[in-house]
Amino acid sequence: MQPGRSTARPSGLLVLPSAFFERSADEVARDLLGKVLVRRIGGARHSFAVTETEAYLGPHDLACHSARGRTRRTEVMFGPPGTLYIYLAYGLHLMLNVVTGPEGCAAAVLIRGAGSASGPGRLGRALALAPVLNGKAATPETGLWFEERGFLARRITAAPRIGVGYAGPKWSRRKLRFILRS
DNA sequence: GCAGTGATCATA
DNA sequence: ATGATCACTGCC
């Protein structure tokens, strides 16, 4: 490596801080596209470029889990921005979400796809998600975090969210799902 | 198109 | 204690 090059910049400078997540969920969901999701498993480090996300806006959003109030499961959604919200769907798939907005907003972004993993359940498996990560901060210390690198998200498609028909037409039709088109 | 899967939550 | 409900996937 040549002197003066900054290829070996400390990765701490690339880590998305909690301030990144302290904005509305739809804004964060868009901005997360093209960012890098990093997972440390043992000594190994795996990187995945985020390709698909969904925004859940908070208690007023009837598709959002927090719309059912503060329960054991939704408790972490009321925590600070950048908190991981991980839950088991349909008995076998662990979903990865990040809490957004100022603390107490109970909004979150669901990561639906990253790297070659398409679909939240498959992504959970690719990341070796564990329930113990629920409520932890998205930081290197936790072993699961986001980095700035990645590439510029050029073409973003917005579409209705998946599997939220129970929320009624108003909230299920709203285009809060974001897909990176290459 | 639909079965499998089990935590979670409301109801009692 | 019991039953309905799922922010899904994989196989038909």
Side-chain angles (χ1 to χ4, degrees), chain A residues 16 20-21 23-35 37 39 46 48-101 103-138 142 144-146 153 156-181:
Chain A
L16 296 185
F20 175 90
F21 300 99
R23 297 177 290 150
S24 67
D26 56 337
E27 207 174 331
V28 173
R30 286 184 123 86
D31 284 0
L32 231 28
L33 294 178
K35 296 289 191 292
L37 173 54
R39 175 72 164 125
H46 302 90
F48 311 79
V50 177
T51 55
E52 186 176 344
T53 59
E54 268 176 9
Y56 289 86
L57 308 183
H60 63 288
D61 173 2
L62 296 186
C64 188
H65 286 168
S66 61
R68 313 275 258 281
R70 195 191 270 245
T71 66
R72 195 161 57 245
R73 181 173 69 162
T74 61
E75 182 62 33
V76 306
M77 296 189 77
F78 292 82
T83 300
L84 299 176
Y85 168 43
I86 292 170
Y87 72 94
L88 189 66
Y90 295 97
L92 55 155
H93 308 291
L94 288 167
M95 308 282 109
L96 172 62
N97 301 256
V98 190
V99 174
T100 70
E103 180 161 0
C105 281
V109 171
L110 169 69
I111 314 296
R112 293 192 56 91
S116 56
S118 174
R122 291 178 210 152
L123 177 64
R125 183 146 43 96
L127 291 172
L129 286 187
V132 68
L133 294 170
N134 186 41
K136 299 266 174 63
T142 300
L144 180 55
W145 70 98
F146 294 87
I156 296 174
T157 303
R161 295 173 291 185
I162 301 290
V164 295
Y166 60 84
K170 176 184 173 186
W171 290 102
S172 59
R173 285 194 202 129
R174 201 158 152 185
K175 295 184 172 181
L176 290 171
R177 173 168 151 243
F178 304 100
I179 309 148
L180 191 57
R181 292 268 170 240

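Just so you know, these numbers use all the heavy atoms, side chains as well, and skip hydrogens, waters and symmetry mates. We name chains A, B, ... by the order of the sequence lines, and we start the count at 1 in each one.
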Check every strand shown and say whether R73(A) touches a base, only sugar-phosphate, or nothing at a heavy-atom separation below 4.0 Å. sugar-phosphate
L62(A) CG - dA7(C) P separation (whole Å): 13 Å
To the nearest Å, how far apart are E75(A) CD and dC9(B) P? 10 Å
dG4(B), dA7(C), dT8(B): which one has an atom nearest the side-chain heavy atoms of H65(A)? dA7(C)
Once rounded to the nearest 0.5 Å, what's the spacing between atom OH of Y56(A) and atom CG of N97(A)? 8.0 Å
In whole Å, I'd like the distance from the CG atom of L94(A) to the C1' atom of dT5(B). 12 Å
Respond yes when some side-chain nitrogen or oxygen of R122(A) is under 4.0 Å from OP1 or OP2 of dG10(C), and no when none is. yes
In whole Å, I'd like the distance from the CZ atom of R68(A) to the P atom of dA7(B). 18 Å
About how many Å separate CD of E103(A) and OG1 of T83(A), when rounded to the nearest 0.5 Å? 7.5 Å
Just checking R125(A): base, sugar-phosphate only, or nothing, at a heavy-atom cut-off of under 4.0 Å? sugar-phosphate
Nearest-Å distance for atom pair CD1/C1', residues I111(A) and dA7(C): 12 Å
Salt-bridge present (D61(A), R161(A); N to O < 4.0 Å): yes
Sugar-phosphate only, base, or nothing, as touched by A63(A) at under 4.0 Å among non-hydrogen atoms: base
Count the heavy atoms belonging to other residues, nucleotides or ligands that lie under 6.0 Å from CZ of R70(A), then report whether that count exceeds 12. yes
Rounded to whole Å, please give me the gap between CD in E52(A) and P in dA7(C). 16 Å
Has Y90(A) got its ring stacked on the base of dG4(B), with centres under 5.5 Å and planes less than 30° apart? no
Atom pair distance, as rounded to whole Å: CG in L92(A) and C1' in dT8(B): 15 Å
Looking for any heavy atom pair under 4.0 Å, which part of the strands does G91(A) touch: base, sugar-phosphate only, or nothing? base
Considering just the side-chain nitrogens and oxygens of Y87(A), establish if one lies under 4.0 Å of OP1 or OP2 belonging to dA7(B). no
Looking at every strand, decide which applies to L110(A) at a 4.0 Å heavy-atom threshold: base, sugar-phosphate, or nothing. base
Calculate the interatomic distance between L176(A) atom CG and dA7(C) atom C1'; express it in whole Å. 12 Å
Criterion side chain to side chain contact (heavy atoms under 4.5 Å, CB included) on L144(A) and L37(A), from CA distance to verdict: CA-CA 7 Å; L144(A) 180 55; L37(A) 173 54; 3.5 Å; yes
Out of dC8(C), dT9(C), dT5(B), which has the shortest distance to the side chain of M95(A)? dC8(C)
Both distances under 3.5 Å, Watson-Crick or G-U wobble: report the partner of dT8(B), or none. dA4(C)
Choose from dA7(C), dA7(B), dC9(B) the nucleotide whose nearest atom is closest to any side-chain atom of M77(A). dA7(C)
